[in-house]
Amino acid sequence: MPVMIKLKLPESLTQFHRVKELPGLAGLPLDPSFGLVPIDPRQSLYVVRSASIDDLDHRRKLSPEIIEAYGDIRISTT
């Protein structure tokens, strides 16, 4: 299932190519068409999208910038 990964980033990391270099995101296929989306720039909160994420606790230890991950569920009318 696709996931959104919420990040708290310092100003120096607020570019998509820099986020991809975080150790905790290594090996994850981040969606370049989605990019890095600010959800609350005043609090330095951003999201990226990936096809999946494994071992979130380990990834958070590698990169404390990772706050949480949650399903990116598509909602449509019926």
Side-chain angles (χ1 to χ4, degrees):
M1 169 183 15
V3 294
M4 304 289 283
I5 303 167
K6 187 191 292 185
L7 308 163
K8 184 170 178 96
L9 300 172
E11 183 68 32
S12 62
L13 289 176
T14 58
Q15 296 173 345
F16 185 67
H17 73 278
R18 296 292 313 267
V19 168
K20 292 186 336 182
E21 297 170 354
L22 289 172
L25 298 179
L28 287 180
L30 299 182
D31 184 348
S33 64
F34 187 80
L36 178 65
V37 177
I39 56 173
D40 190 343
R42 289 184 306 219
Q43 293 187 31
S44 303
L45 297 176
Y46 298 82
V47 294
V48 291
R49 184 187 307 166
S50 180
S52 63
I53 190 168
D54 59 340
D55 201 0
L56 181 60
D57 289 334
H58 176 69
R59 289 181 178 279
R60 290 176 70 197
K61 287 177 187 173
L62 293 174
S63 293
E65 298 88 355
I66 300 172
I67 304 297
E68 64 181 319
Y70 47 93
D72 183 18
I73 300 169
R74 301 291 179 199
I75 299 173
S76 61
T77 58
T78 58

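Residue numbers run from 1 in the order of the sequence given.
Taking hydrophobic clusters as Ile, Leu, Val, Met, Phe, Trp and Tyr residues chained together by side-chain heavy-atom distances below 4.5 Å, F34 does not share a cluster with V19. A continuous path of Ile, Leu, Val, Met, Phe, Trp and Tyr side chains, each step under 4.5 Å between heavy atoms, connects Y70 with L45, placing both in one hydrophobic cluster.
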In a table with atom names and distances, give each donor-acceptor pair under 3.5 Å that connects a side chain of residues 2-14 to protein atoms at least two apart or in another chain.
residue: K6; atom: NZ; partner: E68; partner atom: OE2; Å: 3.0
residue: K8; atom: NZ; partner: Q43; partner atom: O; Å: 3.0
residue: T14; atom: OG1; partner: E11; partner atom: O; Å: 3.0

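The local environment of NE2 in H17 is crowded, with over 12 non-hydrogen atoms from other residues, nucleotides or ligands closer than 6.0 Å.
The shortest side-chain heavy-atom distance between L56 and I66 falls under the 4.5 Å cut-off.
Residues G24 and S63 share a closest heavy-atom pair of N-OG, 2.7 Å.
Distance CG/D31 to CZ/F16: 7.0 Å, rounded to 0.5 Å.
By the salt bridge (charged side-chain N to carboxylate O under 4.0 Å, His left out) test, R18 is found to be paired with E21, residues two or more places apart in sequence or in another chain being considered. Not counting sequence neighbours, the partners of D54 by the side-chain hydrogen bond (donor to acceptor under 3.5 Å, both in side chains) test are R59.
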